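See below for the structure under consideration.
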Amino acid sequence: AITDRFPKGSYDPSKGQAGSDFMPLDGFYSCADPEVQITQMAQIAGTQAGVVAVSWWGRPQFLKSETNQVCGELRQCWDGQWHDNPKMLDTLMQSAEKMGIQVAFHIEPYPDRSAGSVMDDLAFLRSRYGNSKAALKD
C-alpha cells in the first residue's frame, strides 16, 4: 500500500519519498524545470482550462541555507531543491503564454505577511509580469 512506502510524519525527497499519499503519474519532477512547466501547461491547455492559480509565498530578502549562508530569493520545491522563485515564475509565465493559459497569483499566508508586504508583493508582480499575456488581469 502507498502508506507503507510513504509513512505519515516525515519524508525525505532525496530518498524518493513524496510528501503526499499520492504520486504524480509521471513520477517525481522539479517545479523549476522549464520542460516540466511547458508539458504541464500543454496538459492544462488540453483540458480547455483557461486559468491556473499559482501560490505566491512572498519575497524574502534573505533565506539562509543549512550552512547559514545567504541564499537570496529562493524557494524550496517539492523536489527538495532550492530554486530562484522569480526566475522559476519567469519560465512558468513564458510556458503559460505559449500555451494560451493565464496565471492568477494566490498570495499565501507567509510568515510576517502584512498589508504592507502584500502591497509590495502586488507591486512586484505587476512590475515583473503585468505586461505578460499570461497575467490574469480581470
Side-chain angles (χ1 to χ4, degrees):
I2 231 171
T3 55
D4 295 332
R5 288 185 20 217
F6 304 108
K8 293 182 182 190
S10 66
Y11 72 99
D12 183 350
S14 68
K15 293 180 181 177
Q17 299 172 345
S20 171
D21 291 339
F22 304 98
M23 284 290 293
L25 290 176
D26 294 333
F28 286 118
Y29 61 89
S30 169
C31 58
D33 183 339
E35 289 182 30
V36 168
Q37 291 177 351
I38 195 74
T39 298
Q40 290 181 339
M41 288 298 161
Q43 291 169 337
I44 291 165
T47 70
Q48 308 273 323
V51 179
V52 295
V54 175
S55 290
W56 177 256
W57 289 95
R59 296 184 66 228
Q61 293 301 323
F62 302 101
L63 291 175
K64 295 196 175 193
S65 69
E66 290 179 12
T67 60
N68 217 26
Q69 295 175 322
V70 174
C71 298
E73 289 186 11
L74 304 177
R75 284 287 182 239
Q76 191 170 22
C77 284
W78 91 304
D79 64 1
Q81 302 299 310
W82 291 96
H83 300 284
D84 180 300
N85 195 35
K87 182 180 176 188
M88 183 172 41
L89 287 175
D90 290 348
T91 59
L92 182 105
M93 294 296 283
Q94 292 166 5
S95 298
E97 191 169 319
K98 284 179 187 174
M99 294 297 137
I101 301 289
Q102 288 189 296
V103 176
F105 291 97
H106 172 80
I107 299 179
E108 298 285 355
Y110 56 82
D112 300 321
R113 186 180 79 168
S114 66
S117 70
V118 170
M119 293 298 293
D120 290 344
D121 292 335
L122 292 173
F124 172 80
L125 293 169
R126 189 178 307 114
S127 70
R128 189 143 179 153
Y129 306 113
N131 292 327
S132 171
K133 292 178 184 175
L136 180 66
K137 298 173 184 86
D138 296 337

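Quick caveat: nothing in here was measured; it's all calculated off a predicted structure. Just so you know, these numbers use all the heavy atoms, side chains as well, and skip hydrogens, waters and symmetry mates.
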Working to the nearest 0.5 Å, report the span between [atom1] of [X] and [atom2] of [Y].
| X | Y | atom1 | atom2 | value |
| --- | --- | --- | --- | --- |
| Q40 | E35 | CD | CD | 12.5 Å |
| F124 | S127 | CZ | OG | 6.0 Å |
| E108 | S55 | CD | OG | 3.5 Å |
| S95 | L89 | OG | CG | 11.0 Å |
| L122 | F105 | CG | CZ | 10.5 Å |
| K133 | Q102 | NZ | CD | 11.5 Å |

- Item | Common cluster, M99/L136, ILVMFWY with side-chain heavy-atom separation under 4.5 Å | no
Evaluate the side-chain proximity of [Y] to [X]: yes if any heavy-atom separation is below 4.5 Å, no if none is.
| X | Y | value |
| --- | --- | --- |
| I44 | V52 | yes |
| M41 | V36 | no |
| V51 | V103 | no |

- Here the pair of heavy atoms bringing A134 nearest to E97 is CB-N, 3.8 Å
- Task: In plain terms, say whether R113 and D121 are close enough for a salt bridge, that is, a side-chain N and a carboxylate O under 4.0 Å apart.
- Result: no
- Could you tell me whether a side-chain N or O of K98 sits under 3.5 Å from a main-chain N or O of I38, the two making a donor and an acceptor? no
- Query: Under 3.5 Å, is there a donor-acceptor pair between the side chain of Q37 and the main chain of L92?
  - Reply: yes
